[in-house]
Amino acid sequence: MQLPAPRGPLTDRLFAELSRPPHAFGPPPADAYGVEEDSQLALFVCYELHYQGFDGVDDRWEWNPAVLALRERLERWFERWLARRVPRPPAPPPQEVPRALAALVAADDGPSLSAYLRGRADARRFREFVIHRSIYQLKEADPHTWGIPRLLGRPKAALVEIQSDEYGGGRPERMHAELFRATMRGLGLDDSYGAYLGSAPGVTLAISNVMSLFGLHRRRRGALLGHLAAFEMTSSLPNRRYSQGLRRLGGDAGARRYYDEHVQADAVHEQIAAHDLCGAFAAEHPGLTGDILYGAACALTLDRLFAEHLLGRWREGRTSLWEADAEVTTR
């Protein structure tokens with residue numbers, strides 16, 4: 001993956017530093033933070049150093065103190081960004097966590113992007129949707145895997161069970177990231193990792209950033225599990241609709257397999273995540289039940305903001321992608 005074009009003073013400065021051998025540098029001034037596109041992209045790049053990294057960027061940057069100091073400032077900005085958009089649900093008693101998660105999911109009334117893609121989207125818009133999703137889906141499950149060494153007993157076994165399915169049960173061709181690459185190829189898109197990072201707007205980057213924020217901090221492990229539970233509990237029906245929409249547009253079985261796989265797998269995963277993962281973790285850590293619900297609320301809110309962005313842009317006849325790259329990525 002290549003570093004994308006900068007979107008403001010933060011990314012301009014960060015990318016210039018990362019293009020050199022690791023060294024110390026001072027953080028940007030306080031007034032540089034707060035431009036959403038710039039800050040989300042800078043944070044994503046800082047996090048990506050812990051995943052696959054970037055061509056031409058020395059791997060030693062991953063733990064460089066200057067990058068970590070910048071990331072800490074960006075995380076503080078992002079936590080405030082989330083707090084303004086995601087009301088913190090009341091902390092339920094531990095035994096009520098699965099029920100509280102289900103109620104939170106049931107109360108979500110965001111617009112149905114999946115219904116639009118099933119029945120109304122043309123091929124160009126469906127491709128745009130897949131481009132957005134590629135930012136996370138090509139490393140699907142990796143952010144939540146950070147939680148495994150931070151758990152014990154029943155919650156740990158439950159998370160490993162879910163993640164094992166995400167990684168294809170040991171069969172590389174069945175890894176969900178690989179199935180998504182087949183969807184991209186079926187739509188004539190570049191399936192290489194991070195190919196469309198420069199096309200992803202801030203709301204798309206935020207979906208990945210919140211998972212990394214929760215996954216890379218042990219103190220956020222409750223929120224990470226709640227996020228995963230909401231992710232799994234809201235997956236089966238949308239993926240059924242995505243598959244139906246892709247079939248309507250002529251997508252073959254190989255292109256639809258990613259979505260079809262999630263219809264069945266996530267129907268099982270949602271029960272494991274709500275009860276064996278979050279329920280058992282809440283019983284062991286009753287003081288973290290509020291974090292579990294907050295992580296779930298973040299997942300639901302960001303998914304709603306994402307749907308509102310795509311549907312709003314499409315109603316206006318505009319691309320939903322980062323417009324600086326729109327001409328290149330929608331061809």
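Note: hydrogens, waters and symmetry copies are ignored here, and every other heavy atom, side chains too, is used.
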Decide side chain to side chain contact (heavy atoms under 4.5 Å, CB included) for Leu179 and Arg174; before the verdict, give the C-alpha distance in whole Å, the side-chain angles of both, and the deciding distance to 0.1 Å.
CA-CA 6 Å; Leu179 297 181; Arg174 292 185 61 86; 5.6 Å; no
Does any N or O in the side chain of [X] come within less than 3.5 Å of the main-chain N or O of [Y], such that one atom is a donor and the other an acceptor?
| X | Y | result |
| --- | --- | --- |
| Ser164 | Glu161 | no |
| Asp191 | Met184 | no |
| Arg150 | Gly215 | yes |
| His309 | Ser320 | yes |
| Asp276 | Arg154 | no |
| Ser236 | Ala267 | yes |
| Glu48 | Gln52 | yes |
| Arg73 | Leu70 | no |

Please determine, by modelled atom types, if [X] and [Y] share a side-chain donor-acceptor pair under 3.5 angstrom.
| X | Y | answer |
| --- | --- | --- |
| Thr145 | Tyr167 | yes |
| Thr204 | His132 | yes |
| Arg125 | Tyr116 | yes |
| Arg241 | Ser112 | yes |

Least distance between heavy atoms, [X] atom then [Y] atom:
| X | Y | value |
| --- | --- | --- |
| His227 | Val210 | NE2-CG1, 3.7 Å |
| Gln40 | Ala206 | NE2-CB, 3.5 Å |
| Pro143 | Leu224 | O-CD1, 4.0 Å |
| Glu178 | Glu173 | CB-O, 4.2 Å |
| Leu41 | Pro4 | CD1-CG, 3.9 Å |
| Thr289 | Ala282 | CG2-CB, 3.9 Å |

Which class fits the ring pair [X] and [Y]: parallel under 30°, tilted 30 to 60°, perpendicular over 60°?
| X | Y | answer |
| --- | --- | --- |
| Tyr136 | His144 | perpendicular |
| Phe180 | Tyr258 | perpendicular |
| Phe129 | Phe126 | perpendicular |

Can you measure from [atom1] ([X]) to [atom2] ([Y]) and round to the nearest 0.5 angstrom?
| X | Y | atom1 | atom2 | answer |
| --- | --- | --- | --- | --- |
| Lys139 | Ser134 | NZ | OG | 11.0 Å |
| Leu228 | Glu270 | CG | CD | 11.5 Å |
| Leu197 | Ile135 | CG | CD1 | 5.5 Å |
| Trp146 | His50 | CH2 | NE2 | 7.0 Å |
| Thr234 | Asp108 | OG1 | CG | 8.0 Å |
| Leu43 | Thr11 | CG | OG1 | 12.0 Å |

Identify, with sequence neighbours excluded, every residue that meets side-chain contact (heavy atoms from CB on, under 4.5 Å) alongside [X].
| X | result |
| --- | --- |
| Ala177 | none |
| Glu37 | Arg7, Pro201, Trp322 |
| Glu284 | Pro155 |
| Ser19 | none |

So, Arg185 and Asp252, do they make that salt bridge, N to O below 4.0 Å?
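Between Asp252 and Arg185 there is no salt bridge, as every charged N stays at least 4.0 Å from the carboxylate O atoms.
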Got a salt bridge between Glu75 and Arg220, using NZ or NE/NH1/NH2 to carboxylate O under 4.0 Å?
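Between Arg220 and Glu75 there is no salt bridge, as every charged N stays at least 4.0 Å from the carboxylate O atoms.
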Are the side chains of [Y] and [X] in contact, using a 4.5 Å heavy-atom criterion?
| X | Y | answer |
| --- | --- | --- |
| Val160 | Gln163 | no |
| Arg247 | Gln244 | no |
| Leu18 | Val45 | yes |
| Leu49 | Asn64 | no |
| Arg181 | Met175 | no |
| Leu213 | Asn209 | no |
| Ile131 | Leu321 | yes |
| Arg304 | Thr301 | yes |

Using the rule that Ile, Leu, Val, Met, Phe, Trp and Tyr join whenever any side-chain heavy atoms are under 4.5 Å apart, tell me whether [X] and [Y] fall into a single cluster.
| X | Y | answer |
| --- | --- | --- |
| Met211 | Leu151 | no |
| Leu216 | Leu159 | no |
| Trp77 | Ile207 | yes |
| Ile148 | Ile292 | yes |

Got a list of side-chain donor-acceptor pairs under 3.5 Å for residues 310-317, not counting sequence neighbours?
from: Arg313; atom 1: NH1; to: Thr319; atom 2: O; distance (Å): 3.2
from: Arg313; atom 1: NH1; to: Glu323; atom 2: OE2; distance (Å): 3.4
from: Trp314; atom 1: NE1; to: Glu128; atom 2: OE1; distance (Å): 3.0
from: Glu316; atom 1: OE1; to: Arg318; atom 2: NH1; distance (Å): 3.0

Mind listing the side-chain donor-acceptor pairs of residues 83-107 below 3.5 Å, one per line with the distance, residues two or more places apart or on another chain?
from: Arg85; atom 1: NH1; to: Trp81; atom 2: O; distance (Å): 3.0
from: Arg88; atom 1: NH2; to: Asp291; atom 2: OD1; distance (Å): 2.3

Please step through side chain to side chain contact (heavy atoms under 4.5 Å, CB included) for the pair Arg133 and Tyr242, ending with a clear verdict.
CA-CA 12 Å; Arg133 289 304 197 198; Tyr242 299 147; 4.2 Å; yes
Please step through side chain to side chain contact (heavy atoms under 4.5 Å, CB included) for the pair His269 and His262, ending with a clear verdict.
CA-CA 10 Å; His269 289 174; His262 282 73; over 6 Å; no
Begin with the C-alpha distance, continue with both residues' side-chain angles, and end with the deciding distance and a verdict on side chain to side chain donor-acceptor pair (under 3.5 Å) for Ser212 and Tyr51.
CA-CA 10 Å; Ser212 295; Tyr51 294 99; 2.9 Å; yes
Is the CG atom of Asp122 crowded by more than 12 outside heavy atoms at less than 6.0 Å?
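Atom CG in Asp122 is packed in, count exceeds 12.
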Take a 6.0 Å sphere around CZ of Arg120 and say whether it holds more than 12 heavy atoms from other residues, nucleotides or ligands.
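Not buried by this count: 12 neighbours or fewer within 6.0 Å.
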Take Leu10 and Leu74, measure what side chain to side chain contact (heavy atoms under 4.5 Å, CB included) needs, and give me the verdict at the end.
CA-CA 10 Å; Leu10 283 174; Leu74 288 165; 3.9 Å; yes
